[in-house]
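Everything numeric in this text was worked out from a predicted model, so none of it was measured. The sequence lines fix the lettering, A, B, ..., with proteins before strands; numbering per chain opens at 1.
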There are 2 protein chains.
Amino acid sequence: MNQALKILDIFIKIQEQLDVFQHKGEDLLDEISLAEVHCIDCIGMIDHPNVTKISEKMSLTRGGISKISKKLLGKGLIESYQEPDNNKEIYFRLTEGGQSVYGEHKKLHSKVRQEWLSFFAHYSDDEQAAILRFFTDINDFFVSKSTDKIEK
Amino acid sequence: MNQALKILDIFIKIQEQLDVFQHKGEDLLDEISLAEVHCIDCIGMIDHPNVTKISEKMSLTRGGISKISKKLLGKGLIESYQEPDNNKEIYFRLTEGGQSVYGEHKKLHSKVRQEWLSFFAHYSDDEQAAILRFFTDINDFFVSKSTDKIEK
DNA sequence: TTTATTTTGTTAACCCGGAAACAATAATAA
DNA sequence: TTATTATTGTTTCCGGGTTAACAAAATAAA
């Protein structure tokens with residue numbers, strides 16, 4: 001079996017298991033779902049975050065974000081505010097509790113990042129270059145594929 | 001920015017878009033969901049497939065498979081049978097319609113496989129070796145991580 | 001054998017998103 | 001200005017999955 005076939009087979013296996021990867025088991029904080037944490041992350045990063053901006057950033061529906069933000073409000077992790085000259089848009093900001101979750105998530109994120117970096121350290125420059133090219137190509141492929149869909 | 005960091009960043013981007021990849025837009029057959037097609041695939045491949053075996057193969061709950069198989073029965077794509085010496089286990093087999101869906105899915109699968117192969121053809125042997133090592137390592141990592149979880 | 005335990009498939013209640021309809025507001029055109 | 005169009009956020013309904021409880025059957029233990 002040539003290399004290409006082996007890569008392919010493993011790649012498929014990985015895909016199958018990928019859901020295991022995502023973020024599960026992080027146990028960031030019980031009682032807060034993954035989507036909620038991501039939402040908090042967005043609110044912490046976006047300038048004047050509202051439902052629409054968050055939904056775009058998270059690639060979810062406005063309806064979905066509307067529900068999530070409602071929950072976060074209920075849990076006291078975020079609060080909403082409006083600008084005096086605009087009665088339509090509703091913005092969010094993190095409360096102290098939300099800030100804390102935001103910080104925990106960032107910490108965990110950098111920990112995972114560190115793990116990946118030490119993982120990559122075991123590869124030679126040439127190997128890393130090959131992997132890089134591969135991922136660059138894949139990414140381009142996905143981007144072009146997703147714009148295809150938008151054009152449909 | 002060194003290579004490792006670049007790979008990492010791209011890898012994360014890809015992850016974010018990965019859901020786009022899975023199987024969406026295949027339009028194998030309207031009126032049949034992705035899970036249903038996968039279920040048909042399992043039933044076509046497993047020896048004496050029952051709810052339990054399918055759920056293990058698909059990494060879904062028995063309850064979930066129970067519902068899906070009910071739908072497939074309703075659509076006439078599969079049928080159930082039992083062995084004379086066992087009144088508990090219920091097995092499935094594909095009907096003609098199910099066979100047809102099974103075949104279509106296989107065809108599409110090999111088409112995708114072909115696309116990936118021509119994709120990999122653009123890489124040198126050394127590059128392919130690096131990519132292969134990378135995926136092998138990742139896969140091992142995932143496997144060990146998931147067994148960790150089982151031990152929990 | 002009889003009794004406990006395990007396995008199997010189903011169901012009810014629930015959670016999470018998406019799609020689509022909707023009212024309120026803002027932005028644009030006339 | 002007024003009228004039309006676009007944007008924003010919410011809500012209802014639905015599909016798809018999980019969890020947990022359950023009855024029926026098979027298996028293991030007594």
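Across all strands shown, B/T61 has heavy atoms under 4.0 Å from base atoms, whether or not it also approaches the sugar-phosphate. Note on B/I65: nothing from the nucleic acid sits closer than 4.0 angstrom, heavy atoms only.
The distance between atom CG of A/L34 and atom P of C/dC15, rounded to the nearest whole Å, is 18 Å. In this structure, A/Q82 places its CD atom 15 Å from P of C/dA24, rounding to the nearest Å. Between A/L73 atom CG and D/dG9 atom P there is a gap of 13 Å when expressed in whole angstrom units. For A/R62 and C/dA23, the CZ to C1' distance is 13 Å, given to the nearest whole Å. Taking atom CD of A/E31 as the reference point, atom P of C/dC15 lies 12 Å away to the nearest angstrom. Note: CD1 (A/I54) to C1' (D/dT10) measures 15 Å, nearest angstrom. In this structure, A/I68 atom CD1 and D/dT11 atom C1' are separated by 15 Å, rounded to whole Å. In this structure, CE of A/M58 is placed 8 Å from P of C/dG17, rounded to the nearest angstrom.
Between A/G63 and A/A35, the residue anchored closer to the 5' end of DNA chain C is A/A35, taking for each the nucleotide with the nearest heavy atom.
Contact annotation: A/N50 side-chain N/O to D/dG9 OP1/OP2 distance is under 4.0 Å. Close to D/dG9, at under 4.0 Å from its OP1 or OP2, lies no side-chain N or O of A/S66. A close approach under 4.0 Å does not occur between any side-chain nitrogen or oxygen of B/S33 and OP1 or OP2 of D/dG15.
Nearest to the side-chain atoms of A/K70 among the listed nucleotides C/dA26, D/dT8, D/dT11 stands D/dT11. Of the candidate nucleotides D/dG9, D/dA26, C/dT11, D/dA26 has the atom nearest to the side chain of B/K88. Taking the side chain of B/E89 as heavy atoms from C-beta on, and the options C/dA19, C/dT8, C/dA26, the nearest nucleotide is C/dT8. Listed nucleotides C/dA26, C/dG18, D/dT10 differ in distance to A/L60; the shortest reach to its side chain belongs to C/dG18. Counting only heavy atoms from C-beta on, A/K71 has its side chain closest to C/dC16 among C/dC16, D/dT18, C/dG18. Comparing atom distances between the B/N86 side chain and each of C/dA26, C/dA19, D/dA26 picks out D/dA26 as nearest. Relative to the side chain of A/I90, the nucleotides D/dG9, C/dT8, C/dG17 differ in distance, and D/dG9 lies closest. When distances are taken from the side chain of A/T52 to each of D/dG9, C/dG9, D/dA26, the shortest belongs to D/dG9.
A salt bridge is absent between A/K53 and A/E56; no separation between the charged side-chain nitrogens and carboxylate oxygens falls under 4.0 Å.
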Verdict with supporting geometry, A/Y91 and A/S80, side-chain contact (heavy atoms from CB on, under 4.5 Å): CA-CA 5 Å; A/Y91 306 103; A/S80 59; over 6 Å; no
Chi angles and distances behind the side-chain contact (heavy atoms from CB on, under 4.5 Å) call for A/T52, A/I65: CA-CA 8 Å; A/T52 299; A/I65 300 300; over 6 Å; no
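Between B/F134 and A/F120, the two ring planes are parallel [angle under 30°; tilted spans 30° to 60°].
Using a 3.5 Å distance cut-off with no hydrogens or angles, the side chains of B/E89 and B/H48 do not pair a donor with an acceptor.
Under the 4.5 Å side-chain heavy-atom criterion for Ile, Leu, Val, Met, Phe, Trp and Tyr, B/I43 and B/I90 are members of distinct hydrophobic clusters.
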